[in-house]
Amino acid sequence: MVGRNGDPSFYQESMDSFHRAAELIRMDPRVRMELEEPDFEHIFHVTIETADRLVPLPEEERPRFADLPPSTIEAGRTLEPLATGAYVLHHGALLSADLTVRQGVIHLAGKGLYKLEPGGPRQLKAYRVQHSEARGPYKGGIRYHPDATLDLCKSLAAEMTWKTAIVEVPFGGAQGAVRLDPFAYSREEIERISLRYVYKLKQMMGPFVDIPAPDVGTNAAVMAYMMRQYTDGERDHHALRGVVTGKDVRIGGSEGRTKAAGQGVVYCLEEWARERGFDLRGARVILQGFGSVGSAAADILEALGAKIVAVQDAHGTVYREGGLDIPALLGHAQNDPANLRRTVAGFTGGTAIPRDDFWSLDADICIPAALGEVIDANIAERLRVKLVAEAANNPTKPDGDRVLQARGIELIPDVICNAGAVTVSYYEWLQNQRLERWTEAEVNARLEQAIKKNYALIRDVAKNRARRTPLYDSRPYCVGKPIDVRTAAKVVALKRIEVQYLIEGFSQ
Ligand code: NAD
């Protein structure tokens, strides 16, 4: 499939290294065909009723309403501020209000002029792509983002298939999404969207069928709504808690899951540093993305003595030569009720710098932890780092990859770098099946071994270092010559998936 302008589609580009690895291992042609395209692509719609809103009046219309007397509406439970600048009017909001409305416009005391926008039904496009269940139930994130597409879900679903094989988790790969800006909806509307999504998908999910988890724009609260919708009214609902992972620990989530993706990134970095004789203490890091993954990675790295010199998110970039104070930045982004976009912008403990300057900062490690396709050839030329650790999925485009290799910048590929999340999701699922609770120390000890040993194995395959160690055996995976580390990771994944088909055979 090619994109509208004839360029390779996002999916096609993201399968580049799959095809390289499949050639190298002379993969069984039918297995390759099975994995080339997803098992199922579900495209559907989610409809919800939205509440009435107050939206800021466009600048040009304001003079006409300059004389409107101020109105007061009780803030808090009745009036919910959104990051878009609008307010959602909850049920009963106007009952105790002191209100003057003219042509649908009100002057909200102390805030300005707003237009009443009636709520009503909204239709949103939704996806769930189930790529492969050769090694276990489908598993993967659900993204709430305005740019989500089928192509993106296909690519992330396939990534998940490789990732679960690499960390030896008995799951397959899937990815879902709803096309929306989560910052433009109230908490209650997000709940309704999540419930409706699961209502539509219920027959196609389950703890042994397909297990969603959080991704960009979703979180533990969304997982709680989804679990409730799936288990509601089921006699054996306690046995079904493993239908989603990434839940709050108080309702069946796992200790260590919130930080797992970031923790996995740091275990990879420790292993990389150990092999190179590099000291992470004092290492300079630039980080893009300060959401679930980026903020956890920053927090753990700073505690190890690294300096996070710059953090960029969708709304700004903050920089401090001596390293940013990460707990303070976390407080600003996550705990300030006025910071509705949860952004690093406006942080007073650093300097705001232009977005574009971020990529050419002098550092040791660059961690992209936001969206995909950010490092193209141009950015790769400008990077002044030793290593790119891909905490995000698919952050490097194939042309960026070629430049990084040519410039000798090392890479920890996404399929191992951010695999901590799905690994601890598996631990959460196991705890749910067994009705157990593990401590954070137990979770992290297992995670550390799963990540470090498989990352070391991938590096051996990349360097064609065929050997048996107490933890792993790289001999069956080496292809007889050195290869790039991204392809090496896919070789490990594909060999593990292929063997499943070759021993078990195909159902007809
Ligand atoms: P999130 O929604 O919690 O945070 C996303 C962050 O990226 C935010 O800080 C946002 O401001 C930033 N961002 C968005 N657009 C940007 C842009 N154009 N420029 C710079 N920054 C931008 O998402 P997350 O869960 O932390 O996921 C981040 C990445 O990690 C994604 O690629 C995701 O697929 C991957 N991932 C997430 C998990 C998980 O468990 N949440 C697991 C594995 C991989």
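Remember, it's a predicted structure, so these values are computed and weren't measured experimentally. Order of appearance sets the numbers: ligands from 1, and atoms from 1 within every ligand. One is the number of the first residue; the rest follow in order along the sequence.
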Open item on the list: For Tyr197 and Phe44, take the angle between the two ring planes, folded into 0 to 90°, and tell me which bin it lands in: parallel under 30, tilted 30 to 60, perpendicular over 60.
Closed with: tilted

Open item on the list: To the closest 0.5 Å, what do you measure between CZ (Arg257) and CD (Glu428)?
Closed with: 7.0 Å

Task: Side-chain donor or acceptor of Asp364 paired with backbone N/O of Arg284 under 3.5 Å - done: yes

Check ligand 1 for close polar pairs with the protein: N or O on both sides, less than 3.5 Å.
from, atom 1, to, atom 2, distance (Å)
ligand 1, 2 (O), Gly217, N, 3.0
ligand 1, 3 (O), Ser292, N, 2.9
ligand 1, 3 (O), Ser292, OG, 3.2
ligand 1, 9 (O), Phe290, N, 2.9
ligand 1, 9 (O), Gly291, N, 3.3
ligand 1, 11 (O), Ala314, N, 3.1
ligand 1, 19 (N), Arg355, NH2, 2.9
ligand 1, 21 (N), Ala314, N, 3.2
ligand 1, 26 (O), Ser292, N, 3.1
ligand 1, 26 (O), Val293, N, 2.9
ligand 1, 32 (O), Ala370, O, 2.8
ligand 1, 32 (O), Asn393, N, 3.1
ligand 1, 34 (O), Arg143, NH2, 3.0
ligand 1, 34 (O), Asp215, OD1, 2.6
ligand 1, 34 (O), Asn393, ND2, 2.9

Open item on the list: Arg20 vs Thr487, test: side-chain hydrogen bond (donor to acceptor under 3.5 Å, both in side chains). Steps then yes/no.
Closed with: CA-CA 7 Å; Arg20 270 203 311 277; Thr487 312; 3.1 Å; yes

Task: Pairs touching residues 218-228 that satisfy side-chain hydrogen bond (donor to acceptor under 3.5 Å, both in side chains), sequence neighbours left out - done: Arg187-Tyr225, Glu191-Arg228

- [ ] Go through the steps to decide whether Glu189 and Arg122 satisfy the test salt bridge (Lys or Arg N to Asp or Glu O under 4.0 Å), and finish with yes or no.
- [x] CA-CA 10 Å; Glu189 289 164 347; Arg122 292 276 187 286; over 6 Å; no

